[in-house]
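Only a predicted model underlies this, so the values are computations on that prediction, with no experimental measurement involved.
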Amino acid sequence: MTTIDPEEIARRAAVERYRRSGALFGEKLERVVKLASTIFGFAHVNLTTHHDEMQVCHVHVGRYGQDRRREETFCRYPVASHELMVVHDLSKDARFTDHPVVAGKPHLRFYAGAPLVTPCGHAIGALCLLDTRPRKFSARDGELLADLAALAVEHMELVSVVDEAKYDPLTGLRNRGFLVETIKASLEADRASSVLLIDLDGFKQINDSLGHGCGDEALALVAGRLREFARDDRTIARLGGDEFVVFVDGTADPIEVTRLAEAVVARLGEAITLQGHVVNFGASVGVVLRSYETEAMQLVGNADLAMYRAKQDGRNCHRLFTRSMRNVARDRGDVVLEMQDAWEDGAFQLYYQPIVRLADGRWTGAEALLRWNYPYRGVLSPALFLPVLEKSHLAVDLGAWVIDEACRQAALWRGRFDPEFSIAVNLFELQFRPGTLVMRVREALSRHRLPPQALRLEMTERIFLGDDPKIFAQVRQLREMGVGIAFDDFGTGFASLSALRSYPVSCIKIDRSFIADMIRKPDDLTIVTALISLAKKLNLDVVAEGIETEEQRAVVAREAGIEGQGFLFSKPEPADVIERIWHRPQGLALRSA
């Protein structure tokens, strides 16, 4: 059995990554090839990659753009050496004198090839020039050809990053953003459709008893089982956490969809083995057949209501949505009433999580995070109330209070500890609706004598996705004031790169999902490196979220000027706790105080 060199395996994986994303063809690469033809005056230019046994020509100018066996190509030399190769007369080079296309038709004489080297250092192919007569080619010409090859790889990398942003990094399924766009397209085309929303039963117990590593492994196994139900008319996605969706485009047949739901429940109910432990959990599935829905999240929301009914009816089963389930939604309105009382009673509080300069451990700022001190349940996790809060009438006033309180605390800490300290605040989408956000930010800064540069407002992809001119105008005004604008959870959704073109962003926060797996998953590390490189080229600040280990910190800290945030430095804490640990050596800022 032939053993393949690990470097070759990694190189082939890099080629496959670009192929899968569609990065190896398209108008931009055609422009690169045509530009090479124009600059150097060559009628024959090829852009190739090397697969297992074949060299594939993806884009070319001229007649010599055929696929060939790798061992028969000129490009195998620059790919092997990672260096530019120029042969002014192939017929006088002993390596190529007897080559069929040199000794015979078309009697090639000149070759120049620059390797296509990925950010991870893998040479995957070449950009090459060919001619049937000997040619002069200066050192400066070689530098230009290498620059064009690098430009081609940079474009391929960007295309791949955009494509990968359409997938969930843990499971490899489509992500929430892609799912929403797929459903929108179906609704706009007025096609029949169905949604199965799947929530795992007993998943929390796996995390609690076996750890988050086993939890992640379980999610990946679930994703693998759901792929068994894949068809061209089905989109399988991870909605978030332990929730998954199967979207069936083109049918609302209750018999067909019910059979699918029963099959999903049965398959996910089968035992799995996690690190030697046999684990059983099931799935509650909510099913909705499109009828009156006109918005993607309305359709998913109705499936969500049906899923809750399945939970109530004993779990490990499916339920079909009916309009009577809307009563459940009305019950959730009681949460808004409780939050109104909490707001009036002053039960909301800000916690702070430090933002750290990775190079030396200095605390450069903090993120302000909202918490609810519930009367008998203690401090509630934001996951329990933020999804309701951000859609309620309280979002505007409570959001303005968060900005004001965070500015007050930042001004105090700038005077007490560090005059350059900055504060980050998350925005709700509804805060933009009244058109008063800029005024409220300006008033808070003025009230606490805080310079605009000390405040950074964080926005999620969902806000960017709206493509709302009213939101864009307010963001532009805030940025012109000097307030920082951060793209939160960057890299997880399909709109990330397009949003960078449209919005005056000053910072990206790399999502914790990439940081968590980058040590054991080379692809995640490649994404992190590419995002940092992209940010630097756009003169954007970078914050890596979710740093929990020294190894993760060390990897990200290789890039100069990067900041980090995570439990390695401190979990979110009240202001008084943050002040108590401030004077400790930064490397010893504990996960818990």
- Message: Donor-acceptor pair, distance only, cut-off 3.5 Å: does the side chain of E405 make one with the backbone of W401?
- Response: no
- Task: Would you please name every residue forming a ring pair (Phe, Tyr, Trp, His ring centres under 6.0 Å) with F432, sequence neighbours left out?
- Result: none
- Smallest separation among heavy atoms of F472 and P504, with atom names: CE1-CD, 4.1 Å
- Pairwise side-chain contact, I255 with R259, heavy-atom cut-off 4.5 Å (strictly under): yes
- Task: Apply side chain to side chain donor-acceptor pair (under 3.5 Å) to K311 and list each qualifying residue two or more places apart in sequence or on a separate chain.
- Result: D199, D201
- Query: Considering all heavy atoms of both residues, which atom of I515 and which atom of I510 are nearest to each other, and what is their separation?
  - Reply: CD1-CG2, 4.3 Å
- Item | Spacing of Y308 atom OH and L197 atom CG [to the nearest 0.5 Å] | 9.5 Å
- Query: Taking all non-hydrogen atoms of both residues, which atom of G215 and which atom of F203 are closest, and how far apart?
  - Reply: O-CE1, 3.4 Å
- Query: Could E181 and K184 be called an ion pair, given the rule that one side-chain N must be under 4.0 Å from one carboxylate O?
  - Reply: yes
- Validation row: T171, L226 side chains within 4.5 angstrom (heavy atoms): no
- Message: Counting C-beta onward and ignoring hydrogens, is there a side-chain heavy-atom pair between L437 and Q477 closer than 4.5 Å?
- Response: no
- Out of E545, R512, Q353, which one pairs with Q565 under the side-chain hydrogen bond (donor to acceptor under 3.5 Å, both in side chains) rule? Q353
- Message: Check whether R227 reaches the backbone of A230 with its side chain - one donor and one acceptor, N or O, closer than 3.5 Å.
- Response: no
- Message: Just verifying a value: how many Å separate M307 CE and R319 CZ, rounded to the nearest 0.5 Å?
- Response: 13.5 Å
- Is there a donor-acceptor contact under 3.5 Å from the side chain of S21 to the main chain of V161? no
- Atom CD of E551: over 12 foreign heavy atoms under 6.0 Å: no
- Query: Are the side chain of D511 and the backbone N or O of S513 linked by a donor-acceptor pair below 3.5 Å?
  - Reply: yes
- Task: Search all heavy atoms of V59 against all heavy atoms of L24 and return the closest pair with its distance.
- Result: CG2-O, 4.1 Å
- Message: If we ignore hydrogens and angles and just use 3.5 Å, is the side chain of R234 paired with the main-chain N or O of F229 as donor and acceptor?
- Response: yes
- Item | Closest contact, heavy atoms only, S186 versus S193 | OG-CB, 4.0 Å
- Is any side-chain heavy atom of P169 closer than 4.5 Å to a side-chain heavy atom of D517? no
- Item | Side-chain donor or acceptor of N426 paired with backbone N/O of L369 under 3.5 Å | no
- Message: I want to check something: taking the side chain as every heavy atom from C-beta on, are L219 and L200 in contact at a cut-off of under 4.5 Å?
- Response: yes
- Query: Going by the salt bridge (charged side-chain N to carboxylate O under 4.0 Å, His left out) test, which pairs reach into residues 260-278, not counting sequence neighbours?
  - Reply: E228-R267, R267-E270
- Any side-chain heavy-atom pair of F487 and S506 under 4.5 Å: no
- Apply side chain to side chain donor-acceptor pair (under 3.5 Å) to E390 and list each qualifying residue two or more places apart in sequence or on a separate chain. R462
- Specify whether H58 and H51 have parallel, tilted or perpendicular ring planes, treating 30° as the upper limit for parallel and 60° as the lower limit for perpendicular. tilted
- Note on the structure: The side chain to side chain contact (heavy atoms under 4.5 Å, CB included) partners of T118 (sequence neighbours excluded) come to A14, Y18, C120, H122, I124
- Got T529 and M518 here, is their nearest side-chain heavy-atom distance under 4.5 Å? no
- Message: salt bridge (Lys or Arg N to Asp or Glu O under 4.0 Å), that's the test. Do R231 and D249 meet it? Break it down for me.
- Response: CA-CA 10 Å; R231 282 192 344 199; D249 192 1; over 6 Å; no
- Message: I'd like to know if the side chain of Q474 reaches the main chain of K470, judged simply by a donor and an acceptor atom lying under 3.5 Å from each other, with no hydrogens or angles considered.
- Response: yes
- Query: Under 3.5 Å, side chain of D67 to main-chain N/O of C57, donor-acceptor pair present?
  - Reply: yes
- Without swapping roles, check the side chain of R11 against the backbone of H50 for a donor-acceptor pair under 3.5 Å. yes
- Mind checking whether W372 and F348 have parallel, tilted or perpendicular rings, split at 30° and 60°? tilted
- I355 side chain reached by R456 side chain, heavy atoms, under 4.5 Å: yes
- Item | Carboxylate-amine/guanidinium proximity below 4.0 Å for R290 and D190 | yes
- If every non-hydrogen atom of V278 is compared with every non-hydrogen atom of A271, which pair is closest and at what distance? CG1-CB, 4.0 Å
- Message: Once rounded to the nearest 0.5 Å, what's the spacing between atom CG of L457 and atom CD1 of I485?
- Response: 5.0 Å
- Message: The criterion is salt bridge (Lys or Arg N to Asp or Glu O under 4.0 Å); which residues satisfy it with R19, sequence neighbours excluded?
- Response: E16
- Would you confirm whether R17, through its side chain, and R20, through its main-chain N or O, come within 3.5 Å as a donor-acceptor pair? no
- In Å, rounded to the nearest 0.5 Å, how long is the span from CZ of R371 to CG of L386? 8.0 Å
